[in-house]
Trainee: 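Pasting a structure below so you can have a look.
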Amino acid sequence: MPTAPADPALVGTVVAWFDEHARDLPWRAPDRTPWGVLVSEVMLQQTPVVRVEPAWRAWMSAWPTPADLAAAPTADVLRAWDRLGYPRRALRLQECARAIVARHGGEVPDDEDALLALPGIGSYTAAAVRAFAFGRRSVVLDTNVRRVLARTVGGSALPAPSLTAAEVRTASALVPATDDGAARWAAASMELGALVCTARAPRCESCPVASSCAWLAAGRPGDEHHARRRTQAWAGTDRQVRGRIMALLREALGPVPQHAVDQVWPDAAQRARCVDSLVADGLVARHDPPSPDAEPTYSLPR
DNA sequence: AACGCGGGGGG
DNA sequence: CCCCCAGCGTT
């Protein structure tokens with residue numbers, strides 16, 4: 001992102017806006033736990049809030065602590081994940097719970113390096129858990145914050161396709177010095193990006209920092225990276241086929257015979273490749289047939 | 001640095 | 001129909 005001096009009032013204005021407009025989300029409630037925050041962050045890694053909220057409530061009711069999730073049958077975990085997408089995240093979340101039990105006595109750590117060492121926890125989630133679960137200062141830089149800073153400070157429609165060192169410097173310089181101030185800025189800047197400074201149709205008329213936004217001042221120019229953006233294909237991809245197989249096994253009451261799996265997708269080679277990859281990922285268990293002339297069955301792993 | 005990985009809602 | 005979305009792990 002092109003660097004420009006940030007408006008010194010930016011942080012205070014966005015935080016004041018957040019105090020007024022923050023959504024009432026269960027993982028922000030006063031009785032939230034660090035574990036609840038961590039679960040919400042993993043679910044929200046690639047899934048919108050509206051779909052996460054009911055799944056989060058059911059999940060926290062079933063497994064209120066890391067020890068509870070660590071002890072659960074993996075099949076139950078994958079069913080509770082339901083259609084949140086990227087089910088490998090559910091697997092990693094259970095591995096994460098087991099690591100928290102094994103390494104940290106069942107308590108979510110507040111140390112950045114300890115968080116980063118947990119399965120499924122990367123730089124964003126480690127920073128978010130520190131800020132939202134423990135109120136500690138950290139640089140929370142997700143796609144929403146990147147977009148807010150690209151516009152208000154950088155004057156661009158959208159951030160670069162991948163995170164740059166310049167963006168990290170700009171974001172770091174903006175984070176308030178205190179734990180509480182930094183945590184509030186993190187939540188506020190993400191919320192502004194989610195509710196107002198959205199990717200497609202930003203609501204600049206309702207934006208608290210419109211008067212100091214470099215992008216708005218420049219007349220909302222188009223995205224200079226647009227030509228290089230490529231969207232992920234979906235129809236006919238392995239991801240779609242894997243999704244269908246997982247949906248079939250989630251809904252099944254018992255082991256599913258091969259011929260039933262064969263119904264979910266017409267291309268046999270692609271189907272076989274996807275089943276194999278799901279088995280390799282630990283998302284599907286293959287059971288050998290009782291006799292050599294019978295067919296194998298499949299289920300969610302125990 | 002690039003790629004694979006789900007699924008659904010909104011414009 | 002197209003595009004985006006509170007990223008991570010592997011290569």
Side-chain angles (χ1 to χ4, degrees), chain A residues 18 22-23 25-28 36-56 78 81-93 95-96 115-133 138-148 157-165 183 186-195 197-203 223 225-226 228-250 264-265 270 273-274 276-278 280-284:
Chain A
F18 180 68
R23 286 171 291 182
L25 300 171
W27 46 87
R28 289 176 177 166
V37 171
L38 189 154
V39 170
S40 77
E41 291 300 337
V42 171
M43 288 182 170
L44 289 163
Q45 278 169 4
Q46 286 282 269
T47 306
V49 165
V50 286
R51 288 169 53 205
V52 164
E53 193 166 344
W56 184 90
L78 291 171
W81 193 258
D82 196 36
R83 295 182 159 266
L84 291 182
Y86 297 120
R88 295 191 297 192
R89 287 186 293 158
L91 233 39
R92 293 200 192 108
L93 187 50
E95 293 165 11
C96 178
L115 284 164
L116 274 173
L118 295 171
I121 308 297
S123 58
Y124 163 74
T125 308
V129 169
R130 265 178 63 79
F132 304 143
S138 59
V139 181
V140 178
L141 194 48
D142 77 318
T143 186
N144 284 314
V145 179
R146 291 185 66 211
R147 189 172 55 250
V148 167
L158 293 172
S162 55
L163 188 63
T164 66
S189 54
M190 287 176 60
E191 194 80 337
L192 187 70
L195 298 183
C197 195
T198 57
R200 196 76 62 79
R203 300 165 177 84
D223 174 24
H225 310 102
H226 184 73
R228 306 172 124 188
R229 269 171 212 283
R230 39 169 119 77
T231 67
Q232 274 185 327
W234 166 243
T237 60
D238 285 4
R239 286 161 62 213
Q240 183 182 23
V241 179
R242 285 167 55 107
R244 286 196 184 184
I245 296 166
M246 289 301 293
L248 174 68
L249 298 188
R250 276 197 309 269
V264 306
W265 195 253
Q270 186 177 20
R273 180 173 72 238
C274 290
D276 287 348
S277 73
L278 287 168
D281 285 347
L283 288 165
V284 168

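Computed from heavy atoms alone, side chains included, the values below leave out hydrogens, waters and symmetry copies. Lettering follows sequence order; numbering is per chain, from 1.
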Trainee: For A:Arg273, answer base if it contacts any base atom (sugar-phosphate contacts may also be present), sugar-phosphate if it contacts only those atoms, and nothing otherwise; contact means non-hydrogen atoms under 4.0 Å.
Mentor: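 A:Arg273: no heavy atom of the nucleic acid under 4.0 Å.
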Trainee: When you measure from the side chain of A:Arg244 to the backbone of A:Val264, do you find a donor-acceptor pair of N or O atoms at a distance under 3.5 Å?
Mentor: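 Present.
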Trainee: Show the numbers, then the answer: is there a salt bridge (charged side-chain N to carboxylate O under 4.0 Å, His left out) between A:Arg28 and A:Glu191?
Mentor: CA-CA 12 Å; A:Arg28 289 176 177 166; A:Glu191 194 80 337; 2.8 Å; yes
Trainee: When the C1' atoms of B:dC5 and C:dC5 are considered, how many whole Å apart are they?
Mentor: 14 Å
Trainee: At under 4.0 Å between heavy atoms, what does A:Thr198 touch on the DNA or RNA strands: base, sugar-phosphate, or nothing?
Mentor: nothing
Trainee: Counting side-chain heavy atoms from CB outward, which of B:dG8, C:dA6, C:dC5 is closest to A:Arg23?
Mentor: C:dA6
Trainee: Between A:Pro48 and A:Ser162, name the one whose nearest nucleotide on DNA chain B is closer to the 5' end.
Mentor: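 Between the two, 5'-proximity favours A:Ser162.
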Trainee: What's the CG-P distance between A:Leu93 and C:dC8, to the nearest Å?
Mentor: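 Nearest whole value for this atom pair: 13 Å.
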Trainee: Of A:Ala199 and A:Ala126, whose closest DNA chain C nucleotide lies nearer the 5' terminus?
Mentor: A:Ala199
Trainee: Are A:Leu115 and A:Thr125 side-chain neighbours, meaning at least one heavy-atom pair lies under 4.5 Å?
Mentor: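 No, their side chains stay 4.5 Å or more apart.
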Trainee: Nearest to the side chain of A:Ala194, which nucleotide is it out of C:dC4, C:dA6, B:dC5?
Mentor: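 Nearest listed nucleotide: C:dA6.
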Trainee: So, A:Arg250 side chain and A:Asp82 main chain: donor-acceptor pair closer than 3.5 Å or not?
Mentor: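 Yes; judged by distance alone, with no hydrogens or angles, the pair exists.
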Trainee: Only pairs with both distances under 3.5 Å count, Watson-Crick or wobble alike; so what is the partner of B:dC3 in this structure?
Mentor: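 Pairing partner: C:dG9.
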Trainee: Can a donor-acceptor pair under 3.5 Å be found between the side-chain atoms of A:Thr47 and the base atoms of B:dG6?
Mentor: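 Indeed there is one.
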Trainee: Using the P atom on both, measure B:dG4 against C:dA6 and round to a whole Å.
Mentor: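 Comparing P positions in B:dG4 and C:dA6 gives a spacing of 23 Å.
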Trainee: Any N/O pairs under 3.5 Å between the protein and nucleotides 9-11 of chain C? List them or say none.
Mentor:
from  : atom 1 : to       : atom 2 : distance (Å)
C:dG9 : OP1    : A:Gly120 : N      : 2.6
C:dG9 : OP1    : A:Ile121 : N      : 3.4

Trainee: What's the gap between B:dG8 and C:dG9 when it is taken at their P atoms, as a whole Å value?
Mentor: 24 Å
Trainee: How close or far is atom P of C:dC5 from atom CG of A:Leu195, stated in whole angstroms?
Mentor: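 Interatomic distance, CG of A:Leu195 to P of C:dC5: 14 Å.
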Trainee: What is the distance, rounded to the nearest whole Å, between atom CG of A:Leu91 and atom P of C:dC8?
Mentor: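 Going from A:Leu91 (CG) to C:dC8 (P), I get 17 Å.
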Trainee: When we call it a touch if two heavy atoms are under 4.0 Å apart, what does A:Ala201 touch: a base, just sugar-phosphate, or nothing?
Mentor: nothing
Trainee: Looking at side-chain heavy atoms only, is the closest gap between A:Arg92 and A:Glu95 below 4.5 Å?
Mentor: yes
Trainee: Expressed in angstrom and rounded to an integer, what is the separation of A:Arg147 atom CZ from C:dG7 atom C1'?
Mentor: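 So the two atoms are 15 Å apart, to the nearest Å.
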Trainee: With a 4.0 Å limit, can you tell me whether A:Gln46 has a side-chain N or O closer than that to the phosphate oxygens OP1/OP2 of C:dG7?
Mentor: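 Yes, A:Gln46 has a side-chain N/O under 4.0 Å of OP1/OP2 on C:dG7.
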Trainee: Mind checking if A:Arg51 touches a base, just sugar-phosphate, or nothing, with heavy atoms under 4.0 Å?
Mentor: base
Trainee: Between C1' on B:dG6 and CG on A:Leu283, what's the gap in Å once rounded to a whole number?
Mentor: 12 Å
Trainee: Return the minimal non-hydrogen interatomic distance between A:Thr47 and A:Arg89, and the atom names on each side.
Mentor: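 Closest pair (atom of A:Thr47, atom of A:Arg89, distance): OG1-NH2, 2.9 Å.
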Trainee: Figure out the OH/P separation between A:Tyr86 and C:dC8, and round it to whole Å.
Mentor: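 In whole Å, C:dC8 P lies 13 Å from A:Tyr86 OH.
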Trainee: Once you round it to whole Å, what is the distance between C1' of C:dC8 and CG of A:Leu141?
Mentor: 15 Å
Trainee: If only atom types and distance count, is the side chain of A:Gln45 paired as donor or acceptor with the main-chain N or O of A:Gly120 below 3.5 Å?
Mentor: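 At least one qualifying donor-acceptor pair exists.
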Trainee: Round to the nearest Å and state the distance from A:Arg242 atom CZ to B:dC5 atom P.
Mentor: 5 Å
Trainee: Check this one for me: any side-chain N or O of A:Thr237 less than 4.0 Å away from OP1 or OP2 of B:dC5?
Mentor: no
Trainee: How far does the C1' atom of C:dC8 sit from the matching atom of B:dG9, given to the nearest Å?
Mentor: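 To the nearest whole Å, 24 Å.
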Trainee: With no angle test and no hydrogens, is the base of C:dC3 tied to the side chain of A:Arg200 by a donor-acceptor pair under 3.5 Å?
Mentor: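 Side chain to base: pair present.
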Trainee: Where the side chain of A:Asp142 is concerned, which of C:dA6, C:dC5, B:dG7 is the nearest nucleotide?
Mentor: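 Of the candidates, C:dA6 comes closest.
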Trainee: Please work out if A:Trp27 contacts a base, only the sugar-phosphate, or nothing of the nucleic acid, heavy-atom cut-off 4.0 Å.
Mentor: base
Trainee: If you compare every side-chain N and O of A:Arg89 against the phosphate oxygens of B:dC5 (OP1, OP2), does one of them come in below 4.0 Å?
Mentor: no
Trainee: How long is the span from the CD atom in A:Gln270 to the CG atom in A:Asp238, to the nearest 0.5 Å?
Mentor: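 Going from the CD atom of A:Gln270 to the CG atom of A:Asp238 covers 5.0 Å.
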Trainee: Whether the side chain of A:Ser189 engages the backbone of A:Ala186 through a donor-acceptor N/O pair (distance < 3.5 Å, no angle test) should be reported.
Mentor: yes
